[in-house]
Number of protein chains: 2
Amino acid sequence: MKTDTQTYRSQCPLSIALEYIGDKWSLIIIRDMCLGKSRYCDFQNSPEGIPTNILASRLRELEENGLLLKRPYQGKPVRYEYFLTPKGADLLPVLQHLVRWTQKHVDGAGEPPAGFFEAKPEDLLTMWAQAQKTER
Amino acid sequence: MKTDTQTYRSQCPLSIALEYIGDKWSLIIIRDMCLGKSRYCDFQNSPEGIPTNILASRLRELEENGLLLKRPYQGKPVRYEYFLTPKGADLLPVLQHLVRWTQKHVDGAGEPPAGFFEAKPEDLLTMWAQAQKTER
DNA sequence: TCCTTTCACTTGCAATAAGCAAGTGACAAT
DNA sequence: ATTGTCACTTGCTTATTGCAAGTGAAAGGA
């Protein structure tokens, strides 16, 4: 979770992954970003209804952990937009399998948007690529 | 989660999946079962050190939700062993992608056992197949 | 017989996290 | 001057975690 001398509960790569995204909300935010959402209020308006204080703390954690970046899209009042890093975007295959799993095993689940299963992590990095450019 | 008139926080298949396994421990137990563990004390002895009360409640939930079954392997004192149903075993691809993700993005993560990435959900159903047979 | 162990849990309790409602500060629009 | 929006923060209540200890049934040994 932290950057150095991190103390994971075990070295198991699965367990480590769960320390990053093993909760009820982190992957919901990642999903929203995969679907093109990028602002605080976009995340708030998702049907699951994430509490606003939890949203703020999750965005902070995900950023600290390198899964997403935020940058201001306007000054005065500063407003941020969030976008996925490669580390965050690489969770897309996990989301895709979870969606498949639900569709196979749970009745009454909804459909993902068209093209969801065909998407690749690289497709999600437009914003990240821009940020890399402007950084030089 | 429940069997009828279930009330998920949304119809999104990802969100529903997280209501089944979106916490820090459920997938750890599923992982252990994928690795051939089947008894309470096996799960307890895993390096992550799951608290025993949480283990008991997770096993109960996972069984209620149809991801695993338990059956006595001895009477007097009754002792149970747990094994995956197809619904539980089908989470293996999710575990595999999470492991890959950690290996790619997190330094110092351990290696999964040999053959882990080649395994398929069907390979995990020996016990389940037996249970189906003895049921008739 | 009595004592010690093991297994699979349960119980009690303190600490942490989640969830709800309301508030805040910067600005824009009316 | 008032209202509204956005991106949060604060306060508080409830729920979940995590730790330690306890329980009951039986097996094994002295």
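Residue numbers start from 1 in every chain, and the chains themselves are labelled A, B, ... in the order their sequence lines are given, proteins ahead of strands.
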request  = Describe the nucleic acid contact of B/F43 in one word from base, sugar-phosphate, nothing, applying a heavy-atom distance below 4.0 Å.
outcome  =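 If one applies the 4.0 Å heavy-atom cut-off, B/F43 turns out to touch nothing in the nucleic acid.
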Distance check needed: [N] [atom2] versus [X] [atom1], whole Å only.
| X | N | atom1 | atom2 | value |
| --- | --- | --- | --- | --- |
| B/K24 | D/dT17 | NZ | P | 10 Å |
| A/Y80 | D/dC8 | OH | P | 7 Å |
| A/I50 | C/dA18 | CD1 | P | 10 Å |
| A/E19 | D/dT17 | CD | P | 15 Å |
| A/L59 | D/dA7 | CG | C1' | 10 Å |
| B/L55 | D/dT17 | CG | P | 13 Å |
| B/Q44 | D/dC19 | CD | P | 13 Å |
| A/E48 | C/dA18 | CD | P | 16 Å |

task = Look at the side chain of A/Y82 and decide which nucleotide, out of D/dC19, D/dC8, D/dA7, has an atom nearest to it.
result =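 Within the option list, the nearest is D/dC8.
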message = Please determine whether a side-chain nitrogen of the Lys or Arg among B/E81 and B/K70 lies less than 4.0 Å from a carboxylate oxygen of the Asp or Glu.
response =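 A salt bridge is absent here (no side-chain N lies under 4.0 Å from a carboxylate O).
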query = Are the charged groups of A/R58 and A/E61 less than 4.0 angstrom apart, N to O?
reply =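 Salt bridge: yes.
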So does [X] get a side-chain nitrogen or oxygen closer than 4.0 Å to the phosphate oxygens (OP1/OP2) of [N]?
| X | N | result |
| --- | --- | --- |
| B/R60 | C/dA8 | no |
| B/W25 | D/dT16 | no |
| A/R58 | C/dA18 | yes |

query = Which residue, A/T52 or A/D23, contacts DNA chain C at a nucleotide closer to its 5' end, judged by nearest heavy atom?
reply =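 The residue whose closest nucleotide sits nearer the 5' end is A/D23.
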task = Using the closest heavy atom to pick a nucleotide of DNA chain C for each, name whichever of B/N53 or B/D42 lands nearer the 5' end.
result =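 Whichever sits nearer the 5' end wins; that is B/D42.
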task = Take the angle between the ring planes of B/Y20 and B/Y8 and call it parallel below 30°, perpendicular above 60°, tilted in between.
result =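 The arrangement is tilted - the two ring planes meet at 30° to 60°.
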ask   = Do the side chains of B/L59 and B/I29 get nearer than 4.5 Å, heavy atoms only?
value =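 Of all side-chain heavy-atom pairs linking B/L59 with B/I29, at least one is under 4.5 Å.
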query = Do A/F83 and A/T126 have side chains that get closer than 4.5 Å, going by heavy atoms?
reply =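 Not touching, per the 4.5 Å side-chain cut-off.
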inquiry  = By nearest heavy atom, map A/Y40 and A/R9 onto DNA chain D; which one lands nearer the 5' end?
reply    =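 Checking each residue's closest nucleotide, the 5'-ward one belongs to A/Y40.
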